[in-house]
Undergrad: 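Structure below; questions to follow.
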Amino acid sequence: MSSTVTTSNRGRYRAASDVGGTFTDLVYYRVDGGTGAGGAVHSVKTDTTPPDFETGVMASLEQAGISPADLDFFAHGSTLVINALTEKKGVKTALITTKGFRDVLEIARGNRPDLFNFNFRKPAPFVDRYLRAELDERVNHKGEVQTAVCLEPLPALLDFFKAEGVQAIAVCFLHSYINPENEMQAVARIKTLWPDVSVLASHDISREWREYERTSTTVLAAFVHPLAKKYIESLEQHLLAGGFTGKPYMMQSNGGIATTDAARSNPIAMVESGPASGIFAAASLGRDIGEENLIVLDIGGTTAKCALVENGEIRITTEYHIDRDRKNPGYPIQTPVTELVEIGNGGGSIAWIDAGNRLHVGPQSAGALPGPAAYGKGGARVTTTDANLVLGRIDPHGFVGGTVQPDWNAVKAAFKPLQDRLKLSREELARGIVRIANANMTNALRLVSTNKGYDPRDFTLVAFGGGGALHVLALAEELQVRRVIVPVNSAVFSAWGMLLTDLRRDYLQTCPMALEPGNAGSLANAFHTLADRAYKDYAAEGLSPDKHEVVFEHHADMRYRGQEHTVKILFPFAGGSADLALAAKRFHAAHEKLYTYRLGAELQVVNLHLVANVAVDKPGLPEKPQTGITPEAAILRVRTVDFDPHGIHEAAIYDGLRLEPGMTFDGPAVVQEASVSMVVPPDYSVTVDSYGNYHAGRTCEPPA
């Protein structure tokens, strides 16, 4: 087998599909000779079709004129898992745990975010208490079996679960992260007694300690497992019926793709699949153009996501939560996720007024149906998209790529109740909506930058998604970011990122030990054990790469002895041995960066984290051709645009598809593509690079 996972020349296209809350994006390019080198990149957008998301995926292929039989490679990311969790629309789930630990989900953690709220209530567990059962068993913290699991109660227990309509069972025993023997016996017996039930064991989901977090993760994985399994199988069947002879790959939250078998067995790993691919695409772009320190912003139809890339590296965390905000601790998910902040602000975010007459934007969204009022699909509430349309930032003549005429009567009707209540004109209200949306996104960007000790002025802001270009320069001005990049194909950038990612699996193992020479052998053995698991897993998925094709990254979660939580570092491990002195140096620097101090205390390794990558053929970033036309030749028209707070101006409207490398132009202007509008206020300048990316910055410094 060659050094990459290659295609077999079955078809003619490589494609990736990203299902968002509002739109389903498809990116594809024609393969030339089966080498992975191809021609121009193309994209389409279709409406997302919940609950049958695969319908929208197939519609996007049909709109592109591609039969599944033409596909040589297909990668896919979906919001199915995160939507099922946040909307509590999974299946009825039961939990079987160690005797005495039935209420670990109820007890949860005491570190509530709203500290002085005496009416605070912990969020309700995903499994009601009557469906949480115990078995007598015990493994100690060293992994020694002290009490073998007693399986005698299982038949009666499963009969009870059947009668209650349970469809999924989570099994999580104490210390099974280090020795899953008892857990494996229980799961095997459940599958024998009840073959049709979905059952997941915690050791297959997470090998990290912390009983509450590991139990929560296993329960949430079980909660969505039947839905994810059904969806993946339905997608496979639709593709197969169309003639696709391969298997699709699924995007994971860790920024890599996985086989459908791996995704079925651990669906929680897809919880943030779409945002992860966009962030990795931005990091890849940064490496291509020499910009490795990035703040990444993805503004879609429903949410805005942001992350930080330092020296080309993306942070991965297992301390992820859903439904977490300043008043709610949310639910922990102990799976590798690209470290990001996500807020409910996108093009479809709804503007509303609270009881105190304060205007808000989001987190509720109009979604794909009915969508913004201007879409004319029955939307009756004002969204951010409607506000941008009213201000002239979105061209009514090019609305939705020129395929839809804005429904101005619906827009006026949606604005009127808010106008009457706030005593504002439509334009004043639209400005307020955009300002609030920008403020919400600015706060999110600060959470990944200034709140973590980074100065935004040291970074380049990369924005994509359907709304990224609309808002990015206003956000950059607020954060004093000097340079902005809107990448080529920005409206479908997350789908594009799926074509740039490798097969990736993450293996974490809790094994606390002091960072000292006497433990060097134990560290090496632990990493080798994780590597063996990676080889076996890839072989079981039918890839059978030899050991030279799997590229490993070694990380470790470390802390000062006596601390509770850890800091992740790139662990210096090569040639079968670890450089402990360099590991200590990296940890001290990372800890000081995050917390502003370092200690002279003993260092401790808590978790080892091995990343196993198998390379996949990737498209190069094609250079945009030049014909020698002038920027003026790309001007479509001139129209009035409200650049609040920069005033109302007559702005040149540029056809983005006609802009060529080397072109430079100044605001006030709007760059218009089928699904993207880039708003360029006065005192800003835009340059097009050789790939077609837009680089923007101030032409003069703002007054003090």
Side-chain angles (χ1 to χ4, degrees), residues 20-21 77 79 81-83 85-86 111 113-114 253-255 270-283 286 293-310 313-347 349 360-365 384 436-456 458-468 471-472 474-476 478-479 481 484 493-494 497 565 567-568 593-594:
T79 57
V81 171
I82 186 65
N83 288 347
L85 293 174
T86 56
N111 50 346
D114 198 9
S253 304
N254 59 12
M270 297 188 294
V271 66
E272 287 287 6
S273 62
S277 61
I279 294 163
F280 273 76
N293 291 324
L294 307 171
I295 298 175
V296 182
L297 175 65
D298 176 4
I299 305 176
T302 305
T303 60
K305 286 80 66 174
C306 50
L308 187 135
V309 179
E310 184 181 22
E313 297 296 325
I314 299 166
R315 296 178 181 273
I316 302 292
T317 182
T318 56
E319 296 181 359
Y320 172 77
H321 293 72
I322 61 165
D323 289 353
R324 188 175 195 175
D325 56 37
R326 62 189 183 88
K327 293 184 178 181
N328 186 351
Y331 302 89
I333 297 179
Q334 206 175 53
T335 192
V337 175
T338 304
E339 193 171 285
L340 55 83
V341 170
E342 182 171 6
I343 61 170
N345 260 250
S349 294
H360 299 262
V361 179
Q364 303 93 339
S365 173
T384 309
I436 292 171
N438 286 343
N440 292 339
M441 289 183 274
T442 300
N443 289 336
L445 290 166
R446 288 195 173 108
L447 288 175
V448 300
S449 56
T450 52
N451 285 27
K452 291 186 178 294
Y454 295 95
D455 188 338
D458 297 332
F459 291 78
T460 296
L461 180 57
V462 177
F464 51 90
H471 297 267
V472 64
L475 303 176
E478 183 66 26
L479 294 168
V481 172
V484 164
F493 202 61
S494 289
H565 292 284
V567 174
K568 187 180 293 292
K593 180 77 174 179
L594 193 59

Undergrad: Looking at Ile295 and Leu308, what are the two nearest heavy atoms and their distance?
TA: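 It is CG1-CD1, 4.4 Å.
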
Undergrad: Do Asp298 and Ser494 have side chains that approach each other closer than 4.5 Å (heavy atoms only, starting at C-beta)?
TA: yes

Undergrad: Between atom CG of Leu479 and atom CG of Asp455, what is the distance when rounded to the nearest 0.5 Å?
TA: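 One gets 10.0 Å once the value is rounded to the nearest 0.5 Å.
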
Undergrad: Taking atom CD1 of Ile436 and atom CE of Met441, what is their separation to the nearest 0.5 Å?
TA: 11.5 Å

Undergrad: Considering only NZ, NE, NH1 and NH2 on the basic side and carboxylate oxygens on the acidic side, decide whether Glu319 and Lys568 come within less than 4.0 Å.
TA: no

Undergrad: Please examine the side chains of Glu310 and Lys452, heavy atoms only from C-beta on, and report whether any two atoms are closer than 4.5 Å.
TA: no

Undergrad: Closest approach of Leu340 and Ala307, non-hydrogen atoms and distance?
TA: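 Minimum heavy-atom contact is CB-CB, 4.2 Å.
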
Undergrad: If we check side chain to side chain contact (heavy atoms under 4.5 Å, CB included) with Ser349, which of these qualifies: Asn440, Val361, Ile343?
TA: Val361

Undergrad: Rounded to the nearest 0.5 Å, what's the gap from CG on Asn345 to NE2 on His360? Could you check?
TA: 12.0 Å

Undergrad: Any side-chain heavy atom of Thr384 sitting closer than 4.5 Å to one from His471?
TA: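 Touching, per the 4.5 Å side-chain cut-off.
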
Undergrad: So, for Gly286 and Leu294, which heavy atoms are closest and what is the spacing to 0.1 Å?
TA: CA-CD1, 4.2 Å

Undergrad: Enter the distance from Glu339:CD to Ile279:CD1 here, rounded to the nearest 0.5 Å.
TA: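 The CD1 atom of Ile279 is 10.0 Å from CD of Glu339, to the nearest 0.5 Å.
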
Undergrad: Between Ser253 (side chain only) and Glu272 (backbone N and O only), is there a donor and an acceptor less than 3.5 Å apart?
TA: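 It does hold such a pair.
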
Undergrad: Give the minimum heavy-atom separation between Val481 and Pro456, together with the two atoms involved.
TA: CG2-O, 3.6 Å

Undergrad: For the residue pair Thr460 and Asn293, establish whether any side-chain heavy-atom pair is separated by less than 4.5 Å.
TA: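 Answer no - side chains too far apart.
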
Undergrad: Might you point out which heavy atoms bring Cys306 and Val448 nearest each other, and give the distance in Å?
TA: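 Heavy atoms only, the tightest pair is O-CG1, 3.7 Å.
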
Undergrad: Any non-hydrogen side-chain atom of Thr338 less than 4.5 Å from a side-chain atom of Ile316?
TA: yes

Undergrad: Check step by step if side-chain contact (heavy atoms from CB on, under 4.5 Å) holds for Leu85 and Ile333.
TA: CA-CA 11 Å; Leu85 293 174; Ile333 297 179; 4.1 Å; yes

Undergrad: When you compare the side chain of Glu478 with that of Arg446, does any pair of heavy atoms fall below 4.5 Å?
TA: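 Answer yes - side chains close enough.
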
Undergrad: Start with the C-alpha gap between Tyr331 and Asp323, add the side-chain angles, then the distance that decides, and say whether side-chain contact (heavy atoms from CB on, under 4.5 Å) holds.
TA: CA-CA 7 Å; Tyr331 302 89; Asp323 289 353; 4.0 Å; yes

Undergrad: Do you know which two heavy atoms are closest between Phe280 and Asn254, and how far apart they sit?
TA: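 The answer is CZ-O, 3.5 Å.
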
Undergrad: According to the interplanar angle, ranging from 0 to 90°, do the rings of Phe464 and Phe493 count as parallel (below 30°), tilted (30 to 60°) or perpendicular (above 60°)?
TA: tilted

